[in-house]
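Below: one structure, written as structure tokens.
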Amino acid sequence: MKLIETIFYLMLTASLASTIIILPLLLIRKLLYKRLGPRIFHVLWFLVLIKLLVPIAPQSPVSLFNLVPQNIQEISFGPKWHAEEHPASSQTVKEPELTVTNSAAADVNPAPMSKQMEEPTAIVKPPSPTYTYEQDRDKLPKMLAIGPLVWLAGMVSLGMYYLFVALRFNRKMSASRKVDNDELLSILEACKEKLGITATIPIYETDCLHSPCIYGLTKPRIYLPVDIITIADTRQLTHILLHELTHYQRKDLWFNFLWTWTTLLHWYNPVVWLSMKTIKADREVACDAKVLEVLGEQEASSYGMTLLMLSRLFTRSASPQVNLSHFLENNKEMKRRITMIAKFKKGTYKLSVVAIILVLALSVLMLTNASESVESAESGTDSASKQGRPSTFKFQRLNDWAKWFNNLGRANEFVGFPFKVPDYLPDGYQLASIEVDEKYVNRTDNQVTINFVSNHGKEDENQFEVIASTGNILNKALSQRLEGGETRKIPGPSWGTAQPQTYIQDEVTYANIRGILVTTVQKYENHQPEIEKTFFWRDERIYYAIRFYSEDHTLEEGLSRNRRTISEEQLELILQSFKNPQQLQHVSYDGKGNSFPIYGEKDLKEAEQLLGFKVKLPFAIRNNELKLVDSVMLQAGDQNTGYSFRHKVNAIRNSYLAVDDPQKGNLSVYQSKSPLIDGSQLTLKRTLDMNGISISVYKDGNHVYGGPYYRDADKTEVITESYYLWEKNGIYYAANLDDRDIKENNQDELVKAFLLAPQ
């Protein structure tokens, strides 16, 4: 179903974009068809065909769609969870085998897991409902929600009609008689020679048609109405056969076939149907011009008389919807064809250099999408000038493939695949953060890690996490641990040296879900072992895991738990409650009150609403030497950040770094509506006057706001933290630097560079 939705939304977008092209083209055709060559419109219709069949196109600053208002361009018909990415539902997910073994030793020998793990297990749905996940978030109109099904139904119905007509036509044509008239066959061979055609194209005589035509994509045949050989003379037969053979040479049957497919895909768009009707008329005019190019100007009047003769003798009924090309497509277009024939000059069919340049230019205009830079420039000129920010919100993050969010809705815009989440949490737990690891050079699968916490920041704080991935996270976790890359060691100065980890794997069933339970035992020299458990399973081609700490006295005599996060009964309830995000009823994933990073204009606007002022956000300072690498909205009393500095007021923190050479300096700047740093707890070193702003410089020698941090692994030298505090226009600023290799004068220069940067 997701694949159908995705194709529908792509086709709908292409249909709307093509309508913007078709309407002006129809107007130009009406006004200038006498001045432009007969072939030029046929070429332009081919560009429209490409636009309708290929919805994905490169961006260009000269695209026609740069003229479309930004609010129209940004209309999104697709499901919100796949945002800018192609949905994973349209891809084939590779399913490596999960492995299982029962070993209490450190050396793990993976073996193929049973078939039970490979079959998704039904999830039991808990009872019902008072809370609905983000009820007001991005609701699609009802029409768009059922649109894919209506579109598919219409396409199938129209396709069946086309198939019925084609079968009926083939049945009627089966009664036609192959022509063996030597005179007509010699005329046919002469016409083929003039056009350079070597393929075998037989002629059939039929009483089911009212006009000569050619039919067949791979095995073309020319069909002539009964008695036309007797009525038409040699010259007229030559004109008729040349016309039909020209359709074959120009690949008009293939072109018509593609347009038929286009009407199937865009059956709901009346402009597409109008285009197809117009294209047939333009095709006949272009074909006449090509025939006259072969015959010469002297034959123009005779060719026109043949056209008139056939129009009188063979008035056609409604055209059957089959893929063929008639000599007389529509009597209403006869005047235009006769006018072109009467004014024909040698070379009219050929595209001039000017026409070729025009077609190439229009190709760039029509077949490319609006450039992001142009879109942003158009939509953000005013806001950019007011805010002093670049018009495109983009800055270079470190390890940008790894992102984190405070709510599920925003995270889903970056995930790229649908996944389920628990709708039950043990008492005291709430959502802390959601980490999204995207594909990058060493990662083959997207992965989501949802962190839940209770008693955040207290001694009895507990956590557990849920992981979802398109790849086999069990095999990946085991390989990392065997290589020493996945060690979850809890730091503590009194714990002593960490001993080698041991692992136990068991095939278990929780809540009717079969999976693998991996128990990790981390021993320490002077501390009780940490016992961590991770349950792995798969559901609907997505791999899941729950990682937690739990009490277990059976591992080794004498071991006791360090902490307990969730019990086995709670684990069962969590597993039973897994649902798609739009079905949630009991657990909130809105992240309200938690801190979040700034990834785009949407995040920044939300942060500015919480802060109550416009944030100063230069993307680079000091002549681009230091660049913005991180920006985080810190909410007071949040439950998802573990910084040693616990902010008591809402603030935004922007971090700057010399990406090419970190030794050149780094700078963190906080902005808040109330003072964030209490200078009375620090040591005042000096005061500065920068551009009329009084700045106080403090040292945090007692590590009140973080640390201690050390210069080396031996912890022999402590790094001193400096804070520059000032206030401007009711906004409080705190610039944080450390004294590693940055001299005092350089620190002043960095702060001044930020101070002088535009708002």
Report the C-alpha separation of Arg221 and Ile201 in whole Å, then their side-chain angles, then the decisive distance to 0.1 Å, and conclude whether the side chain to side chain contact (heavy atoms under 4.5 Å, CB included) test is met.
-> CA-CA 5 Å; Arg221 298 177 177 184; Ile201 303 178; 5.8 Å; no

Apply side chain to side chain contact (heavy atoms under 4.5 Å, CB included) to the pair Ile222 and Leu245, showing each step before the final yes or no.
-> CA-CA 8 Å; Ile222 295 175; Leu245 289 171; 4.0 Å; yes

May I have the step-by-step check of side chain to side chain contact (heavy atoms under 4.5 Å, CB included) for Trp45 and Thr278, ending in yes or no?
-> CA-CA 9 Å; Trp45 286 123; Thr278 307; 3.9 Å; yes

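Between Tyr303 and His239, the ring planes are perpendicular. Angles over 60° get that label, and only those under 30° would be called parallel.
Atom CG of Leu158 sits about 5.0 Å away from atom CG of Leu264, to the nearest 0.5 Å. The SG atom of Cys287 sits 6.0 Å away from atom CZ of Arg250, with the distance rounded to the nearest 0.5 Å. For the atom pair CD1 of Ile50 and CG of Leu258, the computed distance is 10.0 Å after rounding to the nearest 0.5 Å. From Leu224, atom CG reaches atom CG of Leu237 across 7.5 Å, with rounding to the nearest 0.5 Å. Interatomic distance, Asn256 CG to Trp254 CH2, rounded to the nearest 0.5 Å: 12.0 Å. Interatomic distance, Asp288 CG to Thr246 OG1, rounded to the nearest 0.5 Å: 9.0 Å.
Taking the side chain as every heavy atom from C-beta outward, Phe8 and Leu149 never approach each other to under 4.5 Å. At a threshold of 4.5 Å between non-hydrogen side-chain atoms, the residues Trp273 and Thr263 count as touching. Within the 4.5 Å cutoff, side-chain heavy atoms of Leu241 are placed close to those of Leu184. Two residues are said to be in side-chain contact when any heavy atoms from C-beta on lie closer than 4.5 Å; Trp259 and Leu49 meet this criterion. Inter-residue side-chain proximity for Met276 and Thr260 is flagged as met; some heavy-atom pair is nearer than 4.5 Å. In this structure, Met160 and Ser157 have side chains that are not in contact, with every pair of non-hydrogen atoms separated by 4.5 Å or more. With a 4.5 Å cut-off on side-chain heavy atoms, Phe164 and Leu167 do not count as touching. With contacts defined as side-chain heavy-atom distances shorter than 4.5 Å, the pair Asp252/Ile214 does not qualify.
More than 12 non-hydrogen atoms from other residues, nucleotides or ligands lie less than 6.0 angstrom from CE of Met155. More than 12 non-hydrogen atoms from other residues, nucleotides or ligands lie less than 6.0 angstrom from OH of Tyr268.
Partners of Asn170 by side chain to side chain donor-acceptor pair (under 3.5 Å), not counting sequence neighbours, listed by chain and number: Tyr215. Take Trp151 and apply the side chain to side chain donor-acceptor pair (under 3.5 Å) test, not counting sequence neighbours, and it matches no residue. Annotation: side chain to side chain donor-acceptor pair (under 3.5 Å) contacts of Thr19 (sequence neighbours excluded): Asn269. The side-chain contact (heavy atoms from CB on, under 4.5 Å) test applied to Asp233 returns Arg235, Gln236, not counting sequence neighbours. Glu205 meets the side-chain contact (heavy atoms from CB on, under 4.5 Å) test with Arg177, Val179, Val226; sequence neighbours excluded. Applying the side-chain contact (heavy atoms from CB on, under 4.5 Å) criterion to Ser176, with sequence neighbours excluded, gives Tyr204, Thr206, Tyr223. Residues meeting the side-chain contact (heavy atoms from CB on, under 4.5 Å) test with Ala468, sequence neighbours left out: Phe417, Phe419, Ile542, Tyr544.
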Side chains of residues 187-196: which donor-acceptor pairs under 3.5 Å do they make with residues two or more places apart or in other chains?
{"from": "Lys192", "atom 1": "NZ", "to": "Ala199", "atom 2": "O", "distance (Å)": "2.7"}

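For Lys290 and Glu293, the salt-bridge test fails: no basic side-chain N is under 4.0 Å from an acidic carboxylate O.
Side-chain atoms of Ser186 come within 3.5 Å of backbone N or O of Glu183 as a donor-acceptor pair. For the pair Gln582 (side chain) and Lys579 (backbone), a donor-acceptor distance under 3.5 Å is absent.
Looking only at atom types and distance, the side chain of Lys420 has no donor-acceptor partner in the side chain of Gln583 under 3.5 Å away. Looking only at atom types and distance, the side chain of His247 has a donor-acceptor partner in the side chain of Glu284 under 3.5 Å away.
Taking all atoms of both residues into account, the shortest heavy-atom contact from Pro581 to Asn412 is CG-ND2, 4.0 Å. Between Lys51 and Ala17, the shortest heavy-atom contact is CE-CB, 4.0 Å. What you find for Ser275 and Ile22 is that their closest heavy atoms are OG-CG2, 3.1 Å. The shortest non-hydrogen separation linking Pro212 to Pro225 is N-CD, 3.7 Å. Contact record, Asn446 with Val415: ND2-O, 2.8 Å, taken as the closest heavy-atom pair. His266 and Met11 make their closest contact through CE1-O, 3.2 Å (heavy atoms, listed as atom of the first residue, atom of the second, distance).
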